[in-house]
Protein chains: 2
Amino acid sequence: MFMKLSNYTKIFKALSNEQRLKIFMMIYKNCCSPEGSKIGAEFRIKGESCCPVGGSLEKAFTKICDCMSLSRSTVSHHFKELQNAGLITCEREGQVYRCKVNTEVLDSIKDLMK
Amino acid sequence: MFMKLSNYTKIFKALSNEQRLKIFMMIYKNCCSPEGSKIGAEFRIKGESCCPVGGSLEKAFTKICDCMSLSRSTVSHHFKELQNAGLITCEREGQVYRCKVNTEVLDSIKDLMK
DNA sequence: AGTAGTATTCTAGAACAATCGAACTGCCTG
DNA sequence: CAGGCAGTTCGATTGTTCTAGAATACTACT
């Protein structure tokens with residue numbers, strides 16, 4: 001159940017940036033809502049609404065960039081860091097960009113602090 | 001119960017360095033053992049044993065430095081970062097350097113990930 | 001195939017973090 | 001009160017991270 005220490009630091013590092021933590025929380029609050037948890041947060045490329053909690057995120061990067069005043073490359077970079085730490089998994093299906101939080105990773109953090 | 005996002009990032013940043021996480025875990029495993037939790041981990045300046053889990057840490061800095069191949073100034077810096085994030089509190093009484101983990105902070109992390 | 005929209009990669013600069021050694025302060029203890 | 005540990009602060013060096021912009025690649029639609 002326990003990971004190597006360096007895995008933990010990777011995770012903490014990923015969450016140590018405020019922008020990235022925001023993005024993570026957006027995904028987390030989505031995909032861990034009753035329905036969200038089944039499907040993962042959906043980041044649709046076409047659409048209008050922006051960064052809601054409890055629905056799906058539309059027009060992922062562009063909208064997140066607007067919300068957070070970050071460039072696309074930066075947001076892309078943050079997504080990759082989160083994936084790299086194992087905190088989220090993302091996959092693309094046509095125009096839908098689907099992200100899920102890896103709850104096992106969260107569990108092992110809670111374990112570490114038990 | 002929830003803190004500002006920037007408080008969380010401070011905490012995660014403090015734990016995002018492997019050396020610092022090691023130091024933190026040493027303190028944590030000490031002061032959260034049955035007896036340890038009452039008194040806090042003790043870092044005695046005189047003594048012999050090194051970096052045990054479940055006792056008190058003797059000759060804190062010197063020994064930790066030996067264990068971890070870090071200079072005193074670096075270790076001192078890491079202690080300060082941990083304190084700064086609110087993860088631990090330290091106080092000195094003569095030759096005894098006493099450290100405690102702030103479990104409320106750990107609780108709010110667990111809350112964030114609930 | 002061509003175009004538009006969207007994400008990724010690369011690069012580079014600015015800001016920040018980790019680390020050390022040296023100089024310093026404080027507290028015993030002889 | 002002098003000497004010696006224990007820890008802190010400072011300055012320098014080296015390495016890492018954040019970020020934007022430009023160039024590139026992927027996807028859908030016409």
Side-chain angles (χ1 to χ4, degrees), chain A residues 5-6 9-24 27 41-48 50 56-85 88-99, chain B residues 5-6 9-24 27 41-48 50 56-85 88-99:
Chain A
L5 218 57
S6 61
T9 56
K10 219 185 211 174
I11 294 165
F12 290 133
K13 193 166 292 170
L15 297 175
S16 74
N17 176 276
E18 191 158 347
Q19 314 309 323
R20 213 146 51 210
L21 184 54
K22 259 185 210 161
I23 295 176
F24 176 74
I27 301 171
E42 251 175 41
F43 289 61
R44 277 190 225 116
I45 286 160
K46 285 272 170 63
E48 282 305 319
C50 171
S56 45
L57 292 189
E58 315 272 331
K59 234 180 176 186
F61 279 62
T62 321
K63 286 296 189 180
I64 287 186
C65 299
D66 289 356
C67 287
M68 305 179 57
S69 333
L70 289 177
S71 72
R72 277 159 204 229
S73 55
T74 303
V75 172
S76 175
H77 162 74
H78 286 324
F79 265 81
K80 183 167 297 170
E81 290 287 305
L82 290 171
Q83 289 179 75
N84 221 287
I88 63 173
T89 53
C90 299
E91 57 188 86
R92 201 177 168 152
E93 284 175 31
Q95 289 187 311
V96 175
Y97 194 78
R98 201 184 297 271
C99 299
Chain B
L5 219 55
S6 60
T9 56
K10 220 186 212 172
I11 294 164
F12 291 133
K13 192 166 293 171
L15 298 175
S16 75
N17 175 278
E18 192 160 345
Q19 315 307 322
R20 216 147 48 211
L21 184 55
K22 260 185 211 161
I23 294 176
F24 176 75
I27 301 171
E42 250 176 43
F43 288 61
R44 280 195 221 112
I45 285 162
K46 286 271 169 63
E48 282 306 317
C50 172
S56 46
L57 290 191
E58 314 272 330
K59 234 180 174 185
F61 280 63
T62 320
K63 286 296 187 180
I64 287 186
C65 299
D66 288 355
C67 287
M68 304 179 59
S69 336
L70 289 176
S71 72
R72 278 159 204 227
S73 53
T74 303
V75 172
S76 175
H77 164 74
H78 286 324
F79 266 80
K80 184 166 294 169
E81 290 288 304
L82 290 171
Q83 289 180 75
N84 222 288
I88 64 173
T89 54
C90 299
E91 58 187 84
R92 202 180 168 152
E93 282 174 32
Q95 290 187 306
V96 175
Y97 194 79
R98 201 184 299 272
C99 298

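Throughout, a chain's letter reflects where its sequence line sits, starting with A, and its residues are numbered from 1. Everything numeric in this text was worked out from a predicted model, so none of it was measured.
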Trace of the side-chain contact (heavy atoms from CB on, under 4.5 Å) decision for A:Phe12 with B:Ile11: CA-CA 9 Å; A:Phe12 290 133; B:Ile11 294 164; over 6 Å; no
So what does B:Glu81 touch, heavy atoms closer than 4.0 Å: a base, only the sugar-phosphate, or nothing? nothing
Is B:His78 close enough to C:dA17 that one of its side-chain N or O atoms is under 4.0 Å from OP1 or OP2 there? no
To the nearest 0.5 Å, what is the distance between OG1 (A:Thr9) and CG (B:Leu21)? 7.0 Å
Distance col, row B:Ile23:CD1 vs B:Leu70:CG, nearest 0.5 angstrom, shows 7.0 Å
Judged by atom type as modelled, is there a donor-acceptor pair below 3.5 Å linking the side chain of A:Arg20 to the main-chain atoms of A:His78? no
Interatomic distance, [X] [atom1] vs [N] [atom2] [rounded to whole Å]:
X       : N      : atom1 : atom2 : result
B:Asn17 : C:dC16 : CG    : P     : 18 Å
B:Arg20 : D:dT16 : CZ    : P     : 15 Å
B:His77 : D:dT8  : NE2   : P     : 12 Å
B:Leu70 : D:dT8  : CG    : P     : 15 Å
B:Gln19 : D:dG15 : CD    : P     : 16 Å
A:Gln83 : C:dT8  : CD    : C1'   : 11 Å
B:Asn84 : C:dA17 : CG    : C1'   : 14 Å
B:Glu18 : C:dA18 : CD    : C1'   : 13 Å

So, do B:Lys13 and B:Lys10 sit near enough that their side-chain heavy atoms are less than 4.5 Å apart?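 B:Lys13 vs B:Lys10: side chains apart.
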Name the closest nucleotide to the [X] side chain, picking from [options].
X       : options                : value
B:Ser76 : D:dT19, D:dT8, C:dT6   : D:dT8
B:Ser71 : C:dC20, C:dA18, D:dA20 : C:dC20
B:Arg72 : D:dG7, C:dA18, D:dA20  : D:dG7

Taking for each residue the nucleotide of DNA chain D with the nearest heavy atom, is it A:Thr74 or A:Lys13 whose nucleotide lies nearer the 5' end?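 The residue whose closest nucleotide sits nearer the 5' end is A:Lys13.
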Is any side-chain N or O of A:Ser73 under 3.5 Å from a base N or O of D:dA20, one able to act as donor and the other as acceptor? yes
